[in-house]
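Worksheet: the structure to be examined is printed underneath.
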Amino acid sequence: MPIRENEKLVGYVNIVKQGGRKFNGLSDKIDCEIPDYLTEYFEGYREKLLEAVAETSEEYMERYFNGDEFSDEEVRQALGENVMDGTVIPVAMGSNSEIRGVYNLLNDIVKYFPSPDKVKKAGKNTKTNNIFEANYDNKKPFSALIFKTIADPFIGKYSLVKVCSGVLKSDAVIYNSERDVEEKLSKLYILQGKTPIEVNELYAGDIGAIAKLTDAKTGDTLSTKAEPIVYEKLQLPIPYTYMRYKAKTKGDEDKVAQALAKIMDEDQTVKVVSDVENRQALLYGMGEQHLEIIVSKLLGKYKVEIELTKPKVAFRETIKKKAEVQGKYKKQSGGHGQYGDVKMTFEPSNNMEKPYEFEEKVFGGAVPRNFFPAVEKGVQESVLKGPLAAYPVVGVKATLIDGSYHPVDSSEMAFKTATMMAFKKGFMEASPVLLEPIVSLKVTVPDRYTGDIMGDLNKRRGRVLGMTPIEGEKQLIEADVPMTELFGYSTELRSMTGGRGDYSYEFSRYEQAPTDIAEKEIAARASKVTKIEE
């Protein structure tokens, strides 16, 4: 428990030893009395501690009820057992700004955390498909798991490994079965802070670092080709927060790409996606603060700057009614002219998975068959950028019903252009609407926050589909929410729930956007709508 004076951390109360200690410089401590204002809290925590110790055995339980005292050593031993089986989670106390508590934390790790040889560790031998019981045994074949990657512009790339079995020597040839590559090591290290210290070998249970492994990534298993082992992959959270990014200085794009690749080596919850449809590069992370840290890391470590902006959302366009129109393209400019004439109907196809369906119902050769592919090509090109707001078109059925041609001037190009003119006209006459993407959102929060979450989802135009009570006095809330309303949600959720809420989502479908949203989007995109030659 912290001892504070004038809002500063000056010492702590050790509940196991039942005494206070004050900091004296950076490393020394001096004994002190437990302050009066902490006595009541101390007694409550001491009681909880003794209850946890008593539950480790029937003998201890009996002694606890008889009012016997436990020795410090018995308390430590019992706590070690509790920590090992996961029934007690120790919380350490300190202050990073005042460099306090690090020494105690390291001591607690040594006292209460299990030694590697007390822990089970199993993988799979990919050659025999048998379970490989590593169990941090030096005598078994070598295997190790890469649990972190450091990619530093000054000290280079280090793969941090925990040796799970056998002995790793500095001149060993190791095999990465997931990448199917063998590499000869040159040097092995242990890291002391940021300082690498060279060693000749690492034993089972040791944590060390290997420099400059070419293909290895966090989560990969290293072993030998004779005994190829794979351990279960680390379960990493999926990044859902994203923003659009671009290099601040023109010409820095390659530098930014290389720096981001190194950051992704280090942190697998960072992702870069190229959104071709909206012509934007997206940076994904665990929240807005995470993205800000990436920006600062790019500047501090790699000397490149990027700007984050609100991402564009991919809307769609479709029609609600049927329209019959004519598209006629006629051009005379000396010599052969251009002539294409089509009469078409456009109506909803009721299939939002496909941009368009094309059919021809021409009688009597009004449009020769050899021009049908050109007409379909016109439809195919038109649906890429709709006439409403230049978004892709979905769910349209186009039918060629009539037309005319010129034996000399008609060409595939003329019929394609005539079709594109007909498409624009027909689309705008068939009650065009803008569709917005809807995602299926799942939010997990403690019970007491459900009202706030539901209110916030309603504000975001969300439709709550249901709530399911789950373990740990939590609720799983499922809702359909427009993707445009999810911007900034991770920060809002963290703020509403004190950091205890979690969410995930996946794309569900497209739905008609409300009039006010559609009008704003159409106005913003007016300059992007293609003008077709009349």
For a quick test of your reading: what N or O donor-acceptor pairs under 3.5 Å do the side chains of residues 356-373 make, sequence neighbours left out?
{"unit_1": "Y356", "atom_1": "OH", "unit_2": "E376", "atom_2": "OE2", "d": "3.1"}
{"unit_1": "E359", "atom_1": "OE1", "unit_2": "K397", "atom_2": "NZ", "d": "2.9"}

Is there a side-chain contact between [X] and [Y] (heavy atoms, below 4.5 Å)?
X	Y	answer
Y489	L457	yes
V393	F427	yes
V161	L222	yes
D480	S440	yes
L168	I210	yes
L191	L160	yes
I294	D267	no
L260	L298	yes

Main-chain N/O of [Y] paired to [X] side chain as donor or acceptor, under 3.5 Å:
X	Y	answer
Q338	Y329	no
S431	K321	no
S495	T491	no
Q512	V433	no
K528	A390	no
E485	M483	no
S223	I229	yes
T444	L476	no
K157	L213	yes
E183	T214	yes

side-chain contact (heavy atoms from CB on, under 4.5 Å) between E292 and M243, worked out: CA-CA 10 Å; E292 284 165 17; M243 288 184 82; over 6 Å; no
Chi angles and distances behind the side-chain contact (heavy atoms from CB on, under 4.5 Å) call for L291, L308: CA-CA 9 Å; L291 296 181; L308 296 182; 4.0 Å; yes
Check: S490/T241 side-chain N/O donor and acceptor closer than 3.5 Å: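 Indeed, the side chains of S490 and T241 share at least one donor-acceptor pair under 3.5 Å.
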Ring geometry between Y240 and Y503 (parallel below 30°, tilted from 30 to 60°, perpendicular above 60°): tilted
Aromatic plane relationship, Y391 with F315 - under 30° parallel, 30 to 60° tilted, over 60° perpendicular: tilted
Are there more than 12 heavy atoms of other residues, nucleotides or ligands under 6.0 Å from atom [atom1] of [X]?
X	atom1	answer
I89	CD1	no
E277	CD	yes
E253	CD	yes
L105	CG	yes
K442	NZ	no
K162	NZ	yes
K184	NZ	yes

Rounded at 0.5 Å granularity, tell me how far [atom1] in [X] sits from [atom2] in [Y].
X	Y	atom1	atom2	answer
K233	T218	NZ	OG1	8.5 Å
K424	K385	NZ	NZ	11.0 Å
M428	F346	CE	CZ	13.5 Å
T497	E492	OG1	CD	10.0 Å
E305	S296	CD	OG	11.0 Å
D252	K303	CG	NZ	13.0 Å

Pairs touching residues 256-283 that satisfy ring-ring contact (aromatic ring centres under 6.0 Å, His included), sequence neighbours left out: none
NZ/NE/NH1/NH2 to OD/OE distance under 4.0 Å, E412 and K377: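 Salt bridge between E412 and K377, a charged N being under 4.0 Å from a carboxylate O: no.
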Measure across [X] and [Y] and return the closest heavy-atom pair with its distance rounded to 0.1 Å.
X	Y	result
M467	M454	SD-CE, 3.4 Å
M344	A398	CE-CB, 4.1 Å
G285	P239	O-CB, 3.4 Å
A314	Y510	O-OH, 3.1 Å
G219	L145	O-CD1, 3.7 Å
G386	V529	O-CG1, 4.5 Å

Sub-6.0 Å ring centroid separation between Y242 and Y245: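 Not close enough - the centres of the two rings lie 6.0 Å or further apart.
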Passing candidate, salt bridge (Lys or Arg N to Asp or Glu O under 4.0 Å) with E266, options K301, K148, K217: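 Testing E266 for a salt bridge (Lys or Arg N to Asp or Glu O under 4.0 Å) against K301, K148, K217 leaves exactly one candidate, K301.
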E436 and its salt bridge (Lys or Arg N to Asp or Glu O under 4.0 Å) partner, picked from R316, R461, R509: R461
side-chain contact (heavy atoms from CB on, under 4.5 Å) between Y175 and E182, worked out: CA-CA 4 Å; Y175 177 63; E182 264 191 310; 3.7 Å; yes
Face-on cation placement of K121 at Y231 ring, 6.0 Å and 45° thresholds: yes
L441 and E478: CA distance, side-chain angles, deciding distance, side-chain contact (heavy atoms from CB on, under 4.5 Å) verdict: CA-CA 6 Å; L441 177 72; E478 296 184 62; over 6 Å; no
